[in-house]
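Keep in mind that what you see is a predicted model, and the values were worked out from it rather than measured.
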Amino acid sequence: MEKGEKKWMKLWRRLKEIEAENIVLRELAHQSEQRYEQVKQLTKENEELRRRLEQLLEPEKAGDPEEERLDSWFFRTLRQEKAMSSRRGQDKEK
């Protein structure tokens, strides 16, 4: 009977090992599914950002004037400030 008992214990341990492996595999499958959903969401966001970028760059591609670009306000204001400061410098010299 001792031989049968050893075999039974061996099978019991193997069953517990398989159950533990099953738990790990289920957790890995769950994590994989979550990552897949994250990748899908990030892909969707990436496509949206690319679409927006293309819309923003369209005026430049079409050859529209610089004033229509989004950063043109900044550069126009900078040029005006530069022009005003150079006029002030000329006035001080006179």
Side-chain angles (χ1 to χ4, degrees):
M1 184 93 181
E2 196 173 297
K3 187 176 182 180
E5 224 174 274
K6 284 184 181 181
K7 190 173 184 178
W8 185 83
M9 291 299 288
K10 187 177 179 180
L11 289 172
W12 182 256
R13 277 193 299 265
R14 183 67 185 133
L15 175 64
K16 292 300 174 186
E17 288 172 3
I18 291 172
E19 287 176 345
E21 287 176 12
N22 191 23
I23 291 170
V24 170
L25 290 173
R26 284 184 186 185
E27 179 60 29
L28 289 173
H30 178 70
Q31 289 176 5
S32 178
E33 187 177 327
Q34 287 179 326
R35 283 186 176 69
Y36 175 75
E37 292 300 322
Q38 288 174 339
V39 167
K40 275 182 25 180
Q41 181 63 32
L42 290 172
T43 301
K44 186 187 284 186
E45 289 174 18
N46 189 20
E47 289 171 3
E48 175 64 20
L49 290 172
R50 282 181 196 259
R51 187 186 61 76
R52 284 183 182 175
L53 181 60
E54 287 175 5
Q55 286 177 342
L56 292 174
L57 295 177
E58 279 180 12
E60 290 179 11
K61 289 179 183 175
D64 289 347
E66 185 180 337
E67 280 70 35
E68 292 184 23
R69 290 180 37 204
L70 291 176
D71 59 354
S72 65
W73 173 86
F74 173 76
F75 290 117
R76 193 170 53 246
T77 305
L78 188 62
R79 283 193 297 271
Q80 289 172 351
E81 289 291 323
K82 193 174 183 181
M84 288 171 39
S85 67
S86 66
R87 280 189 224 137
R88 287 184 201 133
Q90 290 173 353
D91 291 343
K92 287 181 181 179
E93 289 177 5
K94 291 181 182 181

I23 side chain near E27 side chain, heavy-atom distance below 4.5 Å | no
Please confirm whether the backbone N or O of V39 pairs with a side-chain atom of T43, one donor and one acceptor, at under 3.5 Å?
-> yes
Are R13 and E17 close enough for a salt bridge, meaning some N to O gap below 4.0 Å?
-> no
Any salt bridge between E47 and R50, counting N to O under 4.0 Å?
-> no
Rounded to the nearest 0.5 Å, what's the gap from NZ on K16 to CZ on R14? Could you check?
-> 13.5 Å
Say whether I18 and W12 are linked into one hydrophobic cluster, either directly or through other cluster members, by side-chain heavy-atom distances under 4.5 angstrom.
-> no
State, yes or no, whether a side-chain contact exists between Q38 and Q41 at a heavy-atom distance under 4.5 Å.
-> no
For E48 and K44, what are the C-alpha separation, side-chain angles and deciding distance, and is it a salt bridge (charged side-chain N to carboxylate O under 4.0 Å, His left out)?
-> CA-CA 6 Å; E48 175 64 20; K44 186 187 284 186; over 6 Å; no
State the CZ-NE2 distance between R35 and H30, to the nearest 0.5 angstrom.
-> 10.0 Å
Can a salt bridge be assigned to the pair E54 and R51 using a cut-off of 4.0 Å between side-chain N and carboxylate O?
-> no
